[in-house]
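As a basis for the values below, the full set of heavy atoms in this structure was taken, side chains included, without hydrogen atoms, waters or symmetry mates. These numbers come from a predicted model, not from an experiment. Here is how names work: the chains are called A, B, and so on, in the same order as the sequence lines, proteins then strands, and each is numbered from 1.
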Protein chains: 2
Amino acid sequence: MLSRRYLPSMPSLLALEAVERLGSASAAAEELNLTQSAISRQLQVLEGQLGLGLIIRDKHRLRLTPAAQDYCREIRRALQALNQASLTLRANPNGGTLNLAILPAFGMHWLAPRLARFAAQHPEVTVNLSTRLQPFDFAISHFDAAIHYGRQDWSGVDYLPLMAEDLLAVSSAGLLKTPLASADDILSYPLLQLESRTGDWGRWLAHHGTPNQRPPAMLFDQFATMTQGAIHGLGVALLPLFLIERELTENRLTPVFGPAIPSLGSYYLVWPKDAVPRAPLASFRNWIAAERDA
Amino acid sequence: MLSRRYLPSMPSLLALEAVERLGSASAAAEELNLTQSAISRQLQVLEGQLGLGLIIRDKHRLRLTPAAQDYCREIRRALQALNQASLTLRANPNGGTLNLAILPAFGMHWLAPRLARFAAQHPEVTVNLSTRLQPFDFAISHFDAAIHYGRQDWSGVDYLPLMAEDLLAVSSAGLLKTPLASADDILSYPLLQLESRTGDWGRWLAHHGTPNQRPPAMLFDQFATMTQGAIHGLGVALLPLFLIERELTENRLTPVFGPAIPSLGSYYLVWPKDAVPRAPLASFRNWIAAERDA
DNA sequence: GAGAGCATATGAGGTTTCCTCATGTTTTGT
DNA sequence: ACAAAACATGAGGAAACCTCATATGCTCTC
């Protein structure tokens with residue numbers, strides 16, 4: 001329950017926030033279209049209400065105490081959330097919102113091209129996308145659903161399988177002087193891999209008859225940067241086929257050895273098992289299942 | 001930059017929040033120590049300012065539109081953050097706060113017993129603990145630092161090693177009728193393992209001369225539940241020694257085969273590389289380094 | 001189906017908060 | 001030394017907020 005007693009007023013919080021950011025009451029006043037006098041008073045009001053000093057008034061300069069700076073960090077985040085929520089509501093007065101955590105590569109290549117159709121089909125839902133590289137706890141985040149790659153190893157969620165994945169070993173055209181005679185010749189080139197998928201090269205080698213290897217490789221946190229690395233000749237990368245179709249047709253990447261092999265994990269839409277049902281999520285789930293089967 | 005124009009007033013947000021939660025304006029009025037009249041007007045003010053209807057007035061009952069419910073979810077979170085920040089500031093006017101993400105088992109067994117000393121040494125810092133089972137992105141969370149188990153595989157952070165770990169194979173006293181003749185006899189018992197550490201049993205077997213195994217095992221997301229499972233005879237678990245000292249001395253768990261083996265990962269304190277230096281984090285880092293070496 | 005009980009809405013009016021204007025004081029820079 | 005710039009504050013008005021009193025409509029019970 002929220003007690004009204006300890007919630008400062010909006011103007012006083014805005015004043016503090018702006019003063020912290022801009023460094024002076026005058027500048028804050030200008031930004032907020034107020035007078036310097038108003039800011040000065042609001043700061044006093046806030047100090048009075050919280051019952052402590054927030055500002056060190058030193059030679060007619062304002063400086064926040066360390067505690068006030070911490071406080072400011074928190075309230076800025078909260079104010080931005082309020083602002084964002086209000087703007088979203090104005091932009092979309094009839095529908096709901098769907099907060100979706102995506103994986104950057106999947107979001108860019110699979111979801112983004114299709115999402116316009118969802119928007120057309122469900123104009124009442126605004127989709128907010130935010131990238132997350134790792135699974136997270138739904139209970140302490142504000143997401144309705146997430147895109148997950150891997151196996152069904154996220155606890156407390158339900159899964160909708162979206163897509164399997166094939167991995168192809170590729171490099172820039174110039175990297176290999178001569179074609180590889182066998183798969184394990186690849187070990188003489190620098191290998192690139194994703195932090196979150198360090199087993200992939202081992203699986204690729206096993207698939208080509210060289211088991212129990214776990215070759216060293218350069219680490220990237222996202223496919224986008226790894227793809228760029230490969231294009232620029234940094235080494236050989238094992239990349240999902242659906243991400244690099246353009247790079248292959250435009251010869252910026254070329255296959256190195258063998259065909260694409262099926263990836264160990266798949267892409268899923270996941271959402272918390274215990275969430276209260278919400279229309280936007282249900283619409284999205286139905287839509288994405290249909291897209292998958294299209 | 002926060003525009004003052006679209007930020008509703010505090011009373012109007014509180015009114016909406018309470019109405020959504022309590023279902024009526026009268027109940028909201030009582031909770032907020034206001035009159036029903038005040039609530040009714042604030043709702044109208046809010047609708048006016050946002051320029052849209054939030055409430056379906058149906059037979060003298062108030063019902064929020066779906067969009068308003070979504071909006072409510074967001075503002076409630078923000079209001080709670082403001083409330084929390086204000087209370088924290090009042091409780092601790094001189095110092096900073098340190099938001100720390102911990103691993104539950106490490107937090108309970110290693111950190112908790114020591115944390116009182118930090119509090120005594122640094123009364124000016126309030127430590128907020130929150131458990132996280134997986135690495136996360138510091139840029140989009142509000143944490144100052146985190147406890148990490150594994151290798152140095154979290155990107156964009158600095159590391160302070162805290163502790164290595166030894167793993168012991170244990171079960172309830174009654175589970176094994178006869179002592180194991182060899183390590184791989186363990187495969188005939190159900191094995192328990194952590195979701196995030198699925199390679200551990202393979203390493204344990206390799207350590208005892210049986211390489212390249214990846215035995216199936218029951219999955220747990222936290223050590224606490226897994227320990228309870230082992231105590232109640234669910235199977236054999238590979239548990240960090242520092243977590244189960246009591247269980248061993250009190251014979252609720254007994255070693256199954258062999259001594260403890262060193263774990264692949266270690267515990268670290270990690271914090272974002274690019275963060276602006278803050279006194280609470282520096283104090284904590286210094287303190288925890290000293291604790292580690294004590 | 002009449003009346004009690006409980007909702008919300010609203011007119012009128014008071015109180016508090018918020019803001020500006022005008023002015024004073026101190027510091028900084030030229 | 002003087003201008004410019006910064007913050008503080010007294011006074012007063014405007015806006016926001018709240019209450020009281022009252023009106024109206026729904027629902028449930030007898």
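Counting only N and O atoms by type, the side chains of Tyr71(B) and Ser86(A) include a donor and acceptor under 3.5 Å apart.
Qualifying side chain to side chain donor-acceptor pair (under 3.5 Å) partners for Glu20(B), counting only residues two or more places apart in sequence or in other chains: Arg76(B). Residues that satisfy the salt bridge (Lys or Arg N to Asp or Glu O under 4.0 Å) test with Arg63(A), not counting sequence neighbours, are absent from this structure. The side chain to side chain donor-acceptor pair (under 3.5 Å) search around Ser40(A) returns Gln44(A), not counting sequence neighbours. With sequence neighbours left out, the side chain to side chain donor-acceptor pair (under 3.5 Å) criterion links Gln84(A) to Thr88(A). Taking the side chain to side chain donor-acceptor pair (under 3.5 Å) definition, one finds that Glu47(B) meets it with Arg57(B), sequence neighbours left out.
For the pair Ser40(A) and dC7(D), the criterion of a side-chain N or O lying under 4.0 Å from OP1 or OP2 is not met. Contact annotation: Gln44(B) side-chain N/O to dT10(C) OP1/OP2 distance is under 4.0 Å. Ser24(B) has no side-chain polar atom (N or O) that falls below the 4.0 Å cut-off from OP1 or OP2 of dC6(C).
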Contacts under 3.5 Å, N or O only, protein and nucleotides 2-4 of chain D:
none

Atom pairs, protein N/O to nucleotides 21-23 of chain C N/O, distance under 3.5 Å:
residue: dC21(C); atom: N4; partner: Ser37(A); partner atom: OG; Å: 3.0

Just the atom pairs and distances: protein N or O near nucleotides 14-17 of chain C's N or O, under 3.5 Å.
none

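Listed by first then second residue, pairs satisfying salt bridge (charged side-chain N to carboxylate O under 4.0 Å, His left out) with a partner in residues 79-103 of chain B number zero, not counting sequence neighbours. Applying the salt bridge (charged side-chain N to carboxylate O under 4.0 Å, His left out) test to pairs two or more places apart or on separate chains, none has a residue in residues 124-137 of chain B.
Taking atom CG of Leu46(A) as the reference point, atom C1' of dC18(C) lies 14 Å away to the nearest angstrom.
Helix-axis bend for the helix from dG1(C)-dC30(D) to dT30(C)-dA1(D): the local axis fitted to the five terminal pairs at one end deviates from that at the other end by 30°, rounded to 10°.
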Indicate for each nucleotide in nucleotides 24-30 of chain C, in 5' to 3' sequence, whether protein heavy atoms under 4.0 Å reach the base (B), only the sugar-phosphate (S), or nothing (-).
-> -BBSS--

Step-by-step side chain to side chain contact (heavy atoms under 4.5 Å, CB included) determination, Val157(A) to Phe138(A) | CA-CA 9 Å; Val157(A) 304; Phe138(A) 276 105; 3.6 Å; yes

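By the 6.0 Å and 45° rule, Arg285(A) does not stack over the aromatic ring of Trp287(A).
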